[in-house]
Structure formats: structure tokens, C-alpha cells
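To start, the structure itself, in C-alpha cells.
Values reported hereafter were calculated over all heavy atoms of this structure, with side chains retained and with hydrogens, waters and symmetry mates removed.
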Amino acid sequence: MCSLCGILGCDDHWTHSVDRPGVFTRNTDRHSRRTEGARRVAAANRVLSFRRVKLAEWQGTSYVVSNATGASTVFESFSHLWPEAEALAGRDLDPLDDALIDWVEDR
């Protein structure tokens, strides 16, 4: 996808709180949605650091995941994070891995 499509798309992942009729969210303004997004990225980075991978938000519309060698990929939806991170890490990110759980608890 070209970068323009990534900017113009939308993130309909369930974690992305959007103020619209019929949807409950405490994040009714842009500032609170950005704050919640930053918390989501920070939580993901605690897990991703186990495999030396890092997530960053880009322009509030896309995400960039990178590894220790500098390889990176841009994607639109938060739901694409784990497959992209595993590809860059070259290994699975198993949430039930005892070593991963210990790693996150120590952070």
C-alpha cells in the first residue's frame, strides 16, 4: 500500500475508542483518545521489548514497528501488530510463554 492510503484509512480495531452513537467510550474528545492510544502503545512495547521490537504511532493514523537491526514496517490497524512484530522478530510472540510473562512482570 502506498503511504497515502495508510494515512487516509481508518482503524476499526476494538481497542480504538471512537465516540459515535451506540458505542460507549470515556474517550469522547481527541485528547483523551490520543492519551489512550499512547497507553496502548506503551503496553504493547513492554511485551515487544522481549523480542527487541518496538512500536510507534505515526501521525495518529498508522503504526510503525521496528527491530534492533533497523528494519521496520508501517501498518494501519492495531490488529496487524502481532503478525508484523513476529515477522520482524523472526520468532513467535507467544503470550503464554513463561519467559515472556516473567519479562513483562519485571518491567
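- With rounding to the nearest 0.5 angstrom, the OG atom of Ser62 is 11.0 Å from the NE2 atom of His80.
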Which side-chain N or O atoms in residues 99-107 pair as donor and acceptor under 3.5 Å with protein atoms at least two apart or in another chain?
residue: Trp103; atom: NE1; partner: Ser49; partner atom: OG; Å: 2.9

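- Once rounded to the nearest 0.5 Å, the distance linking CG of Asp97 with CZ of Arg51 reads 6.0 Å.
- Residues that satisfy the side-chain contact (heavy atoms from CB on, under 4.5 Å) test with Ala71, not counting sequence neighbours, are Asn67, Thr69, Leu88.
- The two residues Arg40 and Phe78 make their nearest non-hydrogen contact at CG-CZ, 3.3 Å.
- The side-chain contact (heavy atoms from CB on, under 4.5 Å) search around Asn45 returns Val41, Leu48, Lys54, Leu55, not counting sequence neighbours.
- Taking every heavy atom of both residues into account, Ser72 and Val64 meet most closely at CB-CG1, 4.1 Å.
- A distance of 8.5 Å separates CG in Leu93 from CZ in Phe50, rounded to the nearest 0.5 Å.
- The minimum heavy-atom distance linking Phe75 with Glu84 is given by the pair CD2-CG, 3.8 Å.
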